[in-house]
Amino acid sequence: MSISRKEHRVNDLTEPTYSHGIRFRLHFERETKEEVEKRKKVAREKILQPVSEKEMEINIGDIYPADKGLGIPRRPSWTYDMTREQLLRKEEKSYREYLDDLHSRNPPGSLSHFEHNLETWRQLWRVLEMSDVILLIVDIRHPVLQFPPSLYSYITEELRKQVVLVLNKADLCPPPLVIAWKHYLASQFPHLLTVCFTSHPGQAYATVLQKKRLRKKAGCGQAGGPTDIMKACREITAGKVDLASWEKKINRDAVAERPDGEPAGDPLDQVLMEHLSDAAMEMSRPSEELYKDGILTLGCIGFPNVGKSSVINSLVGRKVVSVSRTPGHTKYFQTYYLTPTVKLCDCPGLVFPSRVDKQLQILAGIYPVSQLQEPYSSVGYLCERTSFLSLLKLKHPSLDDAPKHHSLGDYDKPEPTWAEKRCYKTAKAARNDVYRAANSLLRLAVDGRLCLCLRPPSYSCLKGNWENHPDLPEIIALQGRTEGDEAGEREEEEELEESSTEPEEEERDRDADDDEDRDGDDEDEGFRESRKKEAVPPGNLTVNMFNVLRENECE
């Protein structure tokens, strides 16, 4: 699924008449050429310096200011006397008014890119109305980016339903930071139930290229956190729903895994799914009765790339939802029965309006890397906040001590750049393809193989408390880590230099949808064709006499 390159204006919101696949595309506003060129210029001229740990701290109030009207569009009231067409028109009018108010209160360029497709918001409305308990899934590396307070208030105050915040990908953060985020969110939302979750327990969080995390086929039943979600739901339902069958299923899935990660259950044991038509969903009124017929309905919502599909697969106990790094991969919701008394309702990933920096949106996987026209500022943002230059064994060409005269043979070979290590060359001039190299680094960050973990406010001051917190063993157990993991991390870092020089590794990093959606990159396309004919071994690379900044394709 792609993101439309068209400019979407408020008065362009009309009832879609196109096919189902296009109907649920994510829509973002397109940046102007002047904005892109301005960022390119800044990226070329800025001198990068590591930021302090204090600057890594982020407050939810800075992302979602209370006075900027960053609420969510609401489904307007309706009656059964209205026709389907009348209801759709009323929803479109209400949504246009919402956008008008939002843009009037926020000057141009101040808002982050957010979802402009009314169809996707309609999916959210239906899921919230159908569900008894909402599982709001966020990425533990930057949870406040994906937790709109207005959404929490709407669910708890207007719909009067409970929210369970799932801090997913807990294996990607140091345990003290996980604890700090849990306490910060609890202080901001006292009645919020928070659980940690990981689909890859027992894997290192500090390595750069976490090849084991991607190559080790983790079974769905081995995830850490399903029991905590079940206990949170048991606390909410307070005995109104029998969850004994769910608890038995979790225990059964945890022990019924084959060594290769495949479920060892009966192949005829199929997961019951139901899918309601759009018309049926549009004309359905939210249920006033919770846990109808003794069934608990869990609605799974969240931003793109927070791992909703992985959480659902882990709860179901087998793969029922395909997983992709492409934002908007899940286009419409379906319902999955875990047991006769518990069912899951999946919702497409949805980006809410906020004040998140463009670079941070990209690194958080909210905005697709494939749509970037200028990736350099985002790489600079990542470089200032991680130590990936040393871990990737990279060195800026300007720091080389090679002599500036004599013959070509007298020059020491400079430290290779990431483009050289990956054999990225432009088709026309055979120069280092720094555009593709930048995209490659951003994809590593989105995948969690280059971890950028933000901190809650005051984390640097209270770091000692979190490192000695009594809940630390619990988080370490959830992550599946042992005392010998540090040595394993060092071994993986030693493998990095070899793995980073494999040209074919990039083919596994790139998403097929991303490649199809990119346009205007002739040199990249040409390089892919030429590389199929002849791959240049890393050891035979020609000495590059040009500084990376001078050969930058963004100039």
Side-chain angles (χ1 to χ4, degrees), residues 127-128 130-140 161-171 193-202 217-237 241-258 261-266 269-275 291 294-303 305-324 329-330 332-349 478-480:
V127 170
L128 294 180
M130 288 179 58
S131 304
D132 301 315
V133 176
I134 308 300
L135 300 183
L136 178 53
I137 303 170
V138 300
D139 191 325
I140 186 61
K161 297 180 180 180
Q162 293 286 340
V163 176
V164 176
L165 183 65
V166 180
L167 300 175
N168 196 21
K169 306 182 184 181
D171 59 300
L193 293 177
T194 305
V195 300
C196 295
F197 196 97
T198 174
S199 300
H200 299 273
K217 192 172 183 180
C220 293
Q222 299 299 321
T227 301
D228 295 331
I229 293 179
M230 183 271 298
K231 290 179 179 178
C233 292
R234 176 171 286 169
E235 179 180 342
I236 293 173
T237 56
V241 179
D242 183 9
L243 300 181
S245 58
W246 188 12
E247 184 175 11
K248 292 179 180 177
K249 173 181 171 52
I250 293 174
N251 295 332
R252 183 174 66 249
D253 291 341
V255 299
E257 290 284 333
R258 293 176 180 159
E262 293 295 331
D266 187 350
D269 183 19
Q270 300 295 326
V271 177
L272 178 61
M273 296 188 302
E274 64 178 4
H275 176 64
Y291 324 123
I295 298 176
L296 169 64
T297 301
L298 300 174
C300 295
I301 64 175
F303 277 55
N305 263 315
V306 296
K308 293 191 308 301
S309 298
S310 297
V311 171
I312 291 175
N313 289 336
S314 299
L315 292 176
V316 173
R318 65 182 63 200
K319 184 175 180 179
V320 293
V321 185
S322 59
V323 179
S324 172
H329 178 70
T330 303
Y332 51 88
F333 67 84
Q334 286 186 334
T335 300
Y336 308 90
Y337 275 85
L338 301 183
T339 71
T341 60
V342 181
K343 64 180 179 179
L344 288 175
C345 190
D346 188 16
C347 178
L478 172 74
Q479 295 178 338

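All values below come from the heavy atoms of this structure, side chains included, with hydrogens, waters and symmetry mates left out.
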Check your understanding: Which atoms form the tightest heavy-atom contact between K169 and N305, and what is the distance?
Key -> NZ-O, 2.8 Å

Point to revise | Heavy-atom donor-acceptor pair, Q479 side chain to A170 backbone, under 3.5 Å | key: yes

Exercise for review: Starting from the C-alpha separation in whole Å, work towards a yes-or-no answer on side-chain contact (heavy atoms from CB on, under 4.5 Å) for V306 and I137.
Suggested key: CA-CA 7 Å; V306 296; I137 303 170; 4.0 Å; yes

Review point. Between atom CG of L128 and atom SG of C347, what is the distance when rounded to the nearest 0.5 Å?
Key: 7.0 Å

Check your understanding: Does D139 reach the side chain of N168, with side-chain heavy atoms less than 4.5 Å apart?
Key -> no

Check your understanding: About how many Å separate NZ of K231 and CD1 of I250, when rounded to the nearest 0.5 Å?
Key -> 9.5 Å

**Study point:** Polar side-chain atom of T339 near backbone of V342 as donor-acceptor pair, under 3.5 Å
**Key:** yes

Check your understanding: Do you know the tightest heavy-atom contact between C233 and L296?
Key -> CB-CD2, 3.9 Å

Check your understanding: Counting distance only, does the side-chain N/O of S131 pair as donor-acceptor with the main-chain N or O of G299 below 3.5 Å?
Key -> yes

**Study point:** Chi angles and distances behind the side-chain contact (heavy atoms from CB on, under 4.5 Å) call for L167, F197
**Key:** CA-CA 6 Å; L167 300 175; F197 196 97; over 6 Å; no

**Study point:** For L344 against C300, the heavy-atom pair lying closest together
**Key:** CD2-SG, 3.9 Å

Check your understanding: Going by heavy atoms in the side chains, are Y336 and N313 under 4.5 Å from each other?
Key -> no

Review point. Quick one: does K308's side chain have a donor or acceptor within less than 3.5 Å of a partner on V138's backbone?
Key: no

Point to revise | Salt-bridge present (E247, R234; N to O < 4.0 Å) | key: yes

Exercise for review: Indicate the atoms forming the closest heavy-atom contact of D132 with K161, along with that distance.
Suggested key: O-CB, 3.7 Å

Review point. Do I236 and V164 have side chains that get closer than 4.5 Å, going by heavy atoms?
Key: yes

Check your understanding: Does any N or O in the side chain of T341 come within less than 3.5 Å of the main-chain N or O of D242, such that one atom is a donor and the other an acceptor?
Key -> yes

Point to revise | side-chain contact (heavy atoms from CB on, under 4.5 Å) assessment of I229 paired with V166 | key: CA-CA 8 Å; I229 293 179; V166 180; 4.2 Å; yes

Check your understanding: At their closest point, which heavy atom of I295 faces which heavy atom of P340, and how far apart are they?
Key -> CG1-O, 3.7 Å

Revision key, fill the gap. Of all heavy-atom pairs linking W246 and L315, the shortest is CZ2-CD2, 4.5 Å

Point to revise | Derivation of the side-chain contact (heavy atoms from CB on, under 4.5 Å) call for I301 and L135 | key: CA-CA 6 Å; I301 64 175; L135 300 183; over 6 Å; no

Practice item. Report the distance from atom CG of L165 to atom CG of L136, rounding to the nearest 0.5 Å. Key: 5.5 Å

Practice item. For the pair K343 (side chain) and L298 (backbone), establish whether a donor and an acceptor sit closer than 3.5 Å, ignoring hydrogens and angles. Key: no

